[in-house]
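Whatever order the structure lists ligands and atoms in, that order sets their numbers, starting from 1.
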Amino acid sequence: MIRVLYIGGLGRSGSTLVERLAGQLAGACAVGELVHLWERGITQGERCGCGAGFHDCPFWQQAGKTAFGGWDQVDPGRVAALRSRVDRNRRIPGLARPGGPGPGRAGELAEYTSYYARLYAAAGEVSGAELVIDSSKHPSLAHCLRWQDGVDLRVLHLVRDSRAVAYSWGREVRRPDTDRESYMTRYSPGVAAAQWNGQNAAFHLLRGVPVLRIRYEDVAAAPEPALRRIAGFAGLPPVPAGYSFLGADGGSSWAELEPGHSVSGNPMRFATGRVAVRRDERWRAGLPAAQRREVTALTLPLLAVYGYLGSRA
Ligand SMILES: [Zn+2]
């Protein structure tokens, strides 16, 4: 049984940073957002985090052989069809029931999650890691994987201030994942707020697997203690001497990042070498006051739960 740390939460919550940091831990292998591997990797051949096209990356070539006997043995259309049947937000209430989704969908669910189980096991085998980190983020996939016996699933629910998330979804960001002109999806503040509520609330329904809830802001402000918590939660041995890939100059933290083999994710997945680790606070100046009030009002209950109200979080 392969141990998997699944990073969940709404996009633009800092999951790529957390994945890159956790991917530096000894015994861990970070593979990016596997939910997008079928379309963006197998079909589109988008770039791996190492810079090579998906089908030119030695890691993914070997993982495909180990998991399936080669990528040409996988029908991405079949995975997409199964996904549309079982891995959808509207299926979460059924998946969250104590007995699972019921016999009507159990077969499709088992087939769908078996693709992931084989892929996780292959990534572990090819990398030699005991822990595979998947930053797919979607709560519905976590709810599916929770029923897969071949996966020792641990869920890291990463949260970030809704105002920062809404600001980020409003910005135009180019995707360096492909040679085509391509931009990341944008949301209005109201849509971002609704997404933030729905995606985060869905993780509170997850039962039967360990869930660690952590704030992006706390990771960015003090990466070392946050990573120690994450490593312990993921079953990695403690490192009493501290993490050599983390450091600080004056008051600013940095991390030394090696190239990884992430499929899909924020453009930060391509960053290597010494990278500054600090809170991204651009939203405080950049988000207009009316939008800030709107997002605050729409997301108030969970903002309070996560400790973002009152003093500066
Ligand atoms: Zn690669």
Side-chain angles (χ1 to χ4, degrees), residues 2-7 11 14-76 79-80 115-138 141 145 151 156 173-184 227 230 234 236 243 245 255-275 277:
I2 180 76
R3 200 176 339 127
V4 172
L5 181 70
Y6 184 96
I7 303 179
S15 60
T16 304
L17 171 69
V18 172
E19 183 209 333
R20 295 298 307 279
L21 292 176
Q24 293 295 130
L25 296 168
C29 170
V31 292
E33 303 179 9
L34 280 199
V35 69
H36 297 302
L37 175 142
W38 320 102
E39 169 69 22
R40 295 180 187 170
I42 300 177
T43 306
Q44 309 275 359
E46 289 195 354
R47 282 190 198 98
C48 174
C50 70
F54 180 78
H55 292 287
D56 297 321
C57 165
F59 173 83
W60 285 113
Q61 279 314 96
Q62 193 54 47
K65 281 197 190 81
T66 304
F68 306 107
W71 293 117
D72 55 356
Q73 301 299 307
V74 180
D75 174 8
V79 181
Y115 283 96
Y116 286 88
R118 290 162 78 170
L119 207 43
Y120 292 141
E125 193 178 318
V126 173
S127 66
E130 59 180 287
L131 175 76
V132 174
I133 303 173
D134 178 356
S135 56
S136 288
K137 296 181 299 207
H138 300 183
L141 180 54
L145 291 169
V151 175
L156 176 65
V173 182
R174 193 167 191 278
R175 294 178 69 237
D177 312 61
T178 160
D179 292 330
R180 288 175 288 119
E181 181 104 336
S182 175
Y183 292 88
M184 296 179 79
L227 271 181
I230 293 169
L236 294 174
Y243 300 122
F245 59 90
E256 196 77 37
L257 299 179
E258 292 164 23
H261 295 290
S262 62
V263 283
S264 203
N266 181 282
M268 196 251 167
R269 72 194 175 96
F270 297 108
T272 56
R274 188 166 289 200
V275 173
V277 180

| request: With Y115 as reference, evaluate V74, L37, L34 under the side chain to side chain contact (heavy atoms under 4.5 Å, CB included) test and give the passing residue. | output: V74
List the atom of [X], the atom of [Y], and the distance in Å for their closest heavy-atom pair.
{"X": "R20", "Y": "G260", "result": "NH2-N, 4.5 Å"}
{"X": "V132", "Y": "G124", "result": "CG2-N, 3.8 Å"}
{"X": "A63", "Y": "A122", "result": "O-CB, 3.5 Å"}
{"X": "I2", "Y": "A121", "result": "CG2-N, 3.9 Å"}

| request: For R3, enumerate each residue passing the side chain to side chain donor-acceptor pair (under 3.5 Å) test, keeping only those at least two apart in sequence or located in another chain. | output: E130
| remark: The expected count of protein N/O/S atoms at less than 2.8 Å from the Zn ion (ligand 1) is 4
